[in-house]
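When a residue number appears, it is its place in the shown sequence, counting from 1.
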Amino acid sequence: QVQLVESGGGLVQAGGSLRLSCQASGRTFSDYAMAWFRQAPGKEREFVAAISWSGRATAYADSMKGRFAISRDNAKNTVYLQVNSLKPEDTAVYYCARGRTAAASSDHVEYSYWGHGTQVTVST
């Protein structure tokens with residue numbers, strides 16, 4: 001059974017930065033793509049970023065390009081999301097997910113395991 005545990009969220013002022021982490025259990029972490037999604041109150045879950053099994057391929061939602069950076073450390077079974085220049089509209093619960101395949105995808109149906117999320121709140 002795969003478990004994903006996110007951490008690193010919190011309250012930050014607009015313009016600030018956070019580094020989110022997602023620790024995965026299991027020995028096959030490096031075989032699969034990983035991704036971050038987020039869900040704000042009253043809104044649908046939306047794609048943030050994804051990374052292929054090797055880390056060589058990444059994908060971002062257009063609104064987050066240049067501000068967010070996804071990376072992974074397969075030796076530590078961990079995927080990261082560096083979030084910079086935060087805006088109040090970035091306030092959401094951020095979830096990490098493990099892919100069904102090795103390829104990065106923005107489609108949530110391509111992800112089979114999900115964490116419980118970490119709250120990011122950006123104040124003005």
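- No donor-acceptor pair closer than 3.5 Å links the side chain of Y95 to the backbone N or O of E6.
- In this structure, W114 has its ring center closer than 6.0 angstrom to the ring center of F37.
- Here SG of C22 is found 7.0 Å from CZ of F29. Values are rounded to the nearest 0.5 Å.
- When atom types are taken as modelled, the side chain of N77 and the backbone of G26 share a donor-acceptor pair closer than 3.5 angstrom.
- Not a single donor-acceptor pair under 3.5 Å links the side chain of Y111 to the backbone N or O of W36.
- Environment of CD in Q3: sparse, with no more than 12 heavy atoms of neighbouring residues, nucleotides or ligands closer than 6.0 Å.
- A 4.5 Å side-chain heavy-atom check between E44 and H108 finds every atom pair outside the cut-off.
- Counted by atom type alone, Q23 and T78 present one or more donor-acceptor pairs between their side chains at under 3.5 Å.
- Side-chain atoms of S7 and T118, non-hydrogen and from C-beta on, never get closer than 4.5 Å to each other.
- Not a single donor-acceptor pair under 3.5 Å links the side chain of D90 to the backbone N or O of A14.
- Here the CZ atom belonging to F47 is positioned 10.0 Å from the CG atom belonging to D107, to the nearest 0.5 angstrom.
- At least one side-chain heavy atom of V120 sits less than 4.5 Å from a side-chain heavy atom of L20.
- Distance check: I70 CD1 to M64 CE gives 12.0 Å after rounding to the nearest 0.5 Å.
- Without hydrogens or angle criteria, T91 side chain to V122 main chain gives a donor-acceptor distance under 3.5 Å.
- R98 forms a cation-pi arrangement with Y32, by the criterion of a distance under 6.0 Å to the ring centre and an angle within 45° of the ring axis.
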